Asks: 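Take this structure, written in structure tokens, and hold onto it; I'll ask about it next.
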There are 2 protein chains.
Amino acid sequence: MTDKKQRILDSALKLFAQEGYSAVSTNRIAQDASVSEGLIFKHFDNKEGLLLALKEKAELRIHEIYAYLSEKKNPIHVIESFIDIPFTIDPSEYDFWRLQFMLKWDNRYYMPDKMDNIKNLLTESFHELNYEFPREEAEALDHMIESISIGILRDGMDRHKKQRNFLKKKYKISIASI
Amino acid sequence: MTDKKQRILDSALKLFAQEGYSAVSTNRIAQDASVSEGLIFKHFDNKEGLLLALKEKAELRIHEIYAYLSEKKNPIHVIESFIDIPFTIDPSEYDFWRLQFMLKWDNRYYMPDKMDNIKNLLTESFHELNYEFPREEAEALDHMIESISIGILRDGMDRHKKQRNFLKKKYKISIASI
DNA sequence: CATAAAAGTGAGTACTCACTTACTAAGTTA
DNA sequence: TAACTTAGTAAGTGAGTACTCACTTTTATG
């Protein structure tokens with residue numbers, strides 16, 4: 001990965017995440033990255049290639065998260081770590097995740113849930129803890145975390161911090177006060 | 001509202017919801033509505049005017065929902081009706097709501113939550129029911145309903161039906177089995 | 001060092017974009 | 001019925017679009 005190729009990806013990610021894929025021209029990406037427009041096509045064939053390159057990274061990251069969760073032995077720890085996910089994203093990665101969430105609305109690039117593995121892990125965990133409806137419990141928690149993630153990506157982490165401890169309390173994970 | 005003006009709005013809504021605002025040209029809208037392109041600008045000034053017309057409707061609908069919830073006297077009924085919301089949307093309105101959710105990612109058109117009134121109503125309800133953290137409880141439920149709504153808009157209602165009764169059970173609303 | 005491949009440029013290309021203009025047809029009202 | 005407004009059209013407009021191509025510069029390797 002050359003320096004300029006990386007800069008193209010950085011600029012594309014930033015602009016796509018801020019304004020949407022269709023609203024950003026290859027010209028603007030080139031300018032933002034201080035690179036000739038032609039270079040984009042040398043490296044990524046076409047505009048869509050740029051987007052696909054960004055999506056590949058996302059799949060890797062999701063798999064990393066899954067791997068991290070699945071090595072936990074205690075089901076309580078799986079649930080706790082899952083709740084922690086949106087609160088441990090580094091703000092420098094917000095653009096990256098924002099783009100992934102935006103793409104979920106685009107049928108062309110929406111992949112029917114890569115997160116399913118993680119949901120299964122949660123279901124198992126709730127099952128081990130003898131919850132009555134582990135599948136539904138997992139979906140409910142997943143929904144909350146998805147929605148909290150969206151909130152954080154849209155207006156920062158501060159407004160959502162309270163939810164973290166509240167949820168942990170709800171799932172009887174021992175920690176400090178709310 | 002003339003027939004052609006309505007057809008322009010219908011086509012714009014459909015195409016914006018399916019492919020995103022920026023990805024749809026006024027030319028395509030005109031063709032889809034079987035209308036001259038110029039007429040769009042006669043009626044709505046510019047492309048953005050089209051979007052704003054669609055957004056106005058959304059604000060009205062959200063207020064209707066709020067009014068409907070706020071006339072419930074029993075807090076249990078407020079919560080139950082809130083859970084019901086995504087399951088009672090008519091599929092013919094999916095495009096309409098899909099567009100609203102998509103626009104939440106667009107800083108230019110995102111209005112810091114028109115849903116706040118509804119969240120306050122939920123908080124009051126949980127308070128009346130003596131929940132320990134009514135505010136957080138309301139946010140959690142709101143998050144779940146938002147995320148379920150997104151799921152329904154993306155891949156239909158069937159996959160999410162179980163969640164409805166599960167949630168009602170969780171909030172001790174008397175109904176049949178899950 | 002010679003050479004070939006890869007990285008990078010910038011001026012083009014055909015086409016699409018949102019929007020305008022000049023116009024006609026169909027009401028509506030005085 | 002004459003004057004005026006509104007609905008509607010078709011053919012533009014210049015700016016911007018994704019992408020190409022002929023070319024130069026840099027980098028790696030035998």
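Per chain, numbering begins at 1; letters A, B, ... match sequence-line order. What you see is a predicted model; the values in this text were computed from it and never measured. Both backbone and side-chain heavy atoms feed into the values below; hydrogens, waters and symmetry mates do not.
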Asks: Who passes salt bridge (Lys or Arg N to Asp or Glu O under 4.0 Å) against B:D32, sequence neighbours left out?
Replies: B:K14
Asks: Compile the donor-acceptor pairs under 3.5 Å between side chains in residues 139-149 of chain A and protein atoms, sequence neighbours left out, one pair per line.
Replies:
| from | atom 1 | to | atom 2 | distance (Å) |
| --- | --- | --- | --- | --- |
| A:H143 | ND1 | A:E139 | O | 3.1 |
| A:S147 | OG | B:H143 | O | 3.4 |
| A:S149 | OG | A:I145 | O | 2.6 |

Asks: Rounded to whole angstrom units, what separation is found between the CZ atom of A:F41 and the C1' atom of D:dC23?
Replies: 18 Å
Asks: Tell me the interatomic distance from A:F44, atom CZ, to C:dA7, atom P, rounded to whole angstroms.
Replies: 11 Å
Asks: Return a single string for nucleotides 3-17 of chain D, one symbol per nucleotide in 5' to 3' order, where B is base contact, S is sugar-phosphate-only contact and - is none, cutoff 4.0 angstrom on heavy atoms.
Replies: -----BB-------S
Asks: Rounded off to whole Å, could you give me the CG-to-P distance for the B:D45 and C:dC19 pair?
Replies: 10 Å
Asks: May I have the distance from B:L15 (atom CG) to C:dC17 (atom P), rounded to whole angstrom?
Replies: 12 Å
Asks: Within this structure, what is the CD-to-C1' distance between A:Q6 and C:dA7, rounded to whole angstrom?
Replies: 16 Å
Asks: Does the cation-pi check pass for B:K5 over B:F44, that is, NZ or CZ under 6.0 Å from the six-membered ring centre and within 45° of its axis?
Replies: yes
Asks: What integer distance in Å separates A:M1:CE from C:dG8:C1'?
Replies: 16 Å
Asks: Under the side chain to side chain donor-acceptor pair (under 3.5 Å) rule, what pairs show up with a residue in residues 81-95 of chain A, not counting sequence neighbours?
Replies: A:R61-A:E93, A:D84-A:R164, A:D84-A:K168, A:D90-A:S92, A:D95-A:R98
Asks: Without decimals, in angstroms, what is the distance between B:Y21 OH and C:dC17 P?
Replies: 13 Å
Asks: List the residues meeting salt bridge (Lys or Arg N to Asp or Glu O under 4.0 Å) with B:K72, not counting sequence neighbours, and say none if there are none.
Replies: none
Asks: Which whole-number value in Å describes the distance from B:Q31 CD to C:dC17 C1'?
Replies: 14 Å
Asks: Write out all pairs satisfying salt bridge (Lys or Arg N to Asp or Glu O under 4.0 Å) with one or both partners inside residues 45-60 of chain A, taking only residues at least two apart or from two chains.
Replies: A:E59-A:K114
